[in-house]
Amino acid sequence: MKDMELLNSREGQMVLARMYGQQQISEQTTRYESLIQGYREHFGVGDIELFSAPGRCEIGGNHTDHNHGKVLAGSITLDTIAAASKVEESVITFFSEGYKTKYVIDLTDLSPKPEDDSTMLLVRGIAAGLLEFGYRIGGFQAYISSNVFSASGLSSSASFEMLICTILNHFYNEGALDAVAKSKIGQYAENGYWNKPSGLLDQMACAYGGLISIDFENPKEPIINPVHWNFEQNGYSLVIVNTGGNHADLTDDYAAVPNEMFAVAQSLDASVCRDLLPEDLYANLKMVREKAGDRAVLRALHFFEENRRVDEQVKSLEEGRFTDFLRLITESGNSSWKWLQNVYRSGVAREQDVSVALALTEMYLKSIDNSACRVHGGGFAGVILTILPNDHVDDYKEWISGMLGTPVLVVNVREDGAVNVSDLINVERTH
């Protein structure tokens, strides 16, 4: 069955409904048809496969993964998609919707080049990571499109990484890489090629699918547990507010968070905060403050409490105690703002986009029972997350976007992580 026919088949429409929700079938069908047309315009007619990798929403566990902590996160209905085909040459060639650049990566030379932009570096890093971990690579050509906000805390980079990983996994590794393997390769690319000191949270949430808790006590073998809770069916929405700030030049701010937590741990003869108990810090507080500094101490205290909170958040959802869950979200957001201090950049008084968005939202939510908001993702700029009843969403969206003049989106958690969409449709056809 040809690509357009497959997409518009009963099974194709069922898969789109599962991935994006019944109300988005028409929009997503048009989007994928445009993707296929974009591929044909650049590469001609041929056999192609469709791929998707979601962005991610962080619910709990803000800045804990790098110190071997716990997180609660979910893949979302915003994603990066590709129409791709395998080629004989050892070259990856692709175009991205909205950009004129033709990306060409020769897989026989994966060393970073001075002229490489971040996209080139990540693709080289993914390919190098696959080889480093004992997998195969090869050429493909693709047309790519994304509706994941760039540089905003929804992990557009991890979404892209998991898309490239999934394409290479399908074409050259017979699907051998699971979500953990893909995530480690994405982290390898970010750490080694992009010089971004990231943990595994972003990649894991994009690759695995659904709402999941992840325990990084052993980061080489993280423990993943699905959390079965559907916000929409329980009458609530996850609203992502782009505050207008940008993540692009914040590497030093991000790096300082884990590094200061490491400094606290090392002052107590440990490697990471997960190796400590709060009592260890209390008993040696004066010494740690002198060695690591007060902000580092506050960030370590945030780690201890946030790690505990993730367990409570998961338990409250499993037991259907949603009011308690929202209270914990509020506590987490307050801890990020006051203790972790990742809502604004130190010393930058004039630009506090996230703080303003949170303050306005907190005022708005005073009149709404069972609601919460928090900084989302890495912080310092980017987006906030608001959770509120469905019947208040349209009014809040209109109000906050009118205040800030920035995009506001409602997202749902989707069960499929980074996937070959064509395979999903074909599986449905065999049932």
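All residue numbers in this chain count up from 1 along the given sequence.
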Tell me whether the rings of F322 and Y236 are parallel (<30°), tilted (30 to 60°) or perpendicular (>60°).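 Aromatic pair F322/Y236 classed tilted.
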
How are the rings of W229 and F231 set relative to one another: parallel (under 30°), tilted (30 to 60°) or perpendicular (over 60°)?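 Correct class here is perpendicular.
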
Are the side chains of [Y] and [X] in contact, using a 4.5 Å heavy-atom criterion?
X	Y	value
L404	L360	yes
T361	V241	no
V91	I105	no
L424	E428	no

Shortest non-hydrogen contact from L16 to Q28?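 In terms of heavy atoms, the two residues are closest at CD1-C, 4.3 Å.
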
Testing the basics here: between V227 and S213, what is the closest heavy-atom pair and its distance to 0.1 Å?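 Smallest heavy-atom distance, with atoms named: CG2-N, 3.9 Å.
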
For the pair [X] (side chain) and [Y] (backbone), establish whether a donor and an acceptor sit closer than 3.5 Å, ignoring hydrogens and angles.
X	Y	value
T243	G382	yes
N307	K70	yes
N67	R274	no
N173	R136	yes
K184	K220	yes
N342	G378	yes
R56	S155	no
S336	S332	yes

Would you mind listing every salt bridge (Lys or Arg N to Asp or Glu O under 4.0 Å) that reaches into [range], with sequence neighbours excluded?
range	answer
residues 362-381	E58-R374, E306-R374
residues 389-408	none
residues 82-95	none

Step by step, would you call H63 with F303 a side chain to side chain contact (heavy atoms under 4.5 Å, CB included)? CA-CA 8 Å; H63 276 289; F303 174 90; over 6 Å; no

Counting only heavy atoms not in [X], do more than 12 sit closer than 6.0 Å to its [atom1] atom?
X	atom1	value
Q22	CD	no
E351	CD	no
D109	CG	yes

Residue list, ring-ring contact (aromatic ring centres under 6.0 Å, His included) with [X], at least two apart or on another chain:
X	value
Y344	none
H302	none
F140	none

Less than 4.0 angstrom from a charged side-chain N to a carboxylate O is my criterion; do [X] and [Y] meet it?
X	Y	value
D106	R124	no
E27	R31	no
D324	K315	no
K113	E115	no

Using side-chain contact (heavy atoms from CB on, under 4.5 Å) as the criterion, list what pairs up with [X], not counting sequence neighbours.
X	answer
T30	none
E41	Q37
H170	E49, F51, N420, D423
Q187	N191, S198, L200

Spacing of [X] atom [atom1] and [Y] atom [atom2] [to the nearest 0.5 Å]:
X	Y	atom1	atom2	result
S75	M162	OG	CE	13.0 Å
M204	I214	CE	CD1	4.5 Å
S401	Y396	OG	OH	9.5 Å
L388	I368	CG	CD1	5.5 Å
I126	L110	CD1	CG	11.5 Å
L365	T386	CG	OG1	6.0 Å

Checking E260 now: which residues fulfil salt bridge (Lys or Arg N to Asp or Glu O under 4.0 Å) with it, not counting sequence neighbours?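 E260 satisfies salt bridge (Lys or Arg N to Asp or Glu O under 4.0 Å) with R295, R299 only.
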
Using the salt bridge (Lys or Arg N to Asp or Glu O under 4.0 Å) criterion, which residues pair with K338? Sequence neighbours excluded.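 Applying salt bridge (Lys or Arg N to Asp or Glu O under 4.0 Å) to K338 gives none.
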
Pair T77-N412, side-chain hydrogen bond (donor to acceptor under 3.5 Å, both in side chains): steps then yes or no: CA-CA 6 Å; T77 46; N412 292 313; 5.1 Å; no

Given E312 and R309, is the salt bridge (charged side-chain N to carboxylate O under 4.0 Å, His left out) satisfied, shown in steps? CA-CA 5 Å; E312 293 187 14; R309 252 189 306 267; over 6 Å; no

Could you walk me through whether L358 and W337 pass the side chain to side chain contact (heavy atoms under 4.5 Å, CB included) check? CA-CA 10 Å; L358 286 171; W337 199 337; 3.5 Å; yes

Decide yes or no on side chain to side chain contact (heavy atoms under 4.5 Å, CB included) for Y39 and S85, but give the supporting numbers first. CA-CA 10 Å; Y39 176 92; S85 62; 2.5 Å; yes

Proximity of F94 and Y103 rings by center, below 6.0 Å: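 That pair passes the under 6.0 Å test.
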
Centroid separation under 6.0 Å, is that true for the rings of F43 and Y143?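 Between Y143 and F43, the centre distance exceeds or equals 6.0 Å.
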
Step by step, would you call D79 with Y20 a side-chain hydrogen bond (donor to acceptor under 3.5 Å, both in side chains)? CA-CA 10 Å; D79 60 350; Y20 302 102; 2.3 Å; yes

Check step by step if side-chain hydrogen bond (donor to acceptor under 3.5 Å, both in side chains) holds for E232 and S237. CA-CA 6 Å; E232 186 179 27; S237 292; over 6 Å; no

Assess whether side-chain hydrogen bond (donor to acceptor under 3.5 Å, both in side chains) is satisfied between E97 and S145, documenting all intermediate values. CA-CA 5 Å; E97 183 181 27; S145 176; 2.4 Å; yes

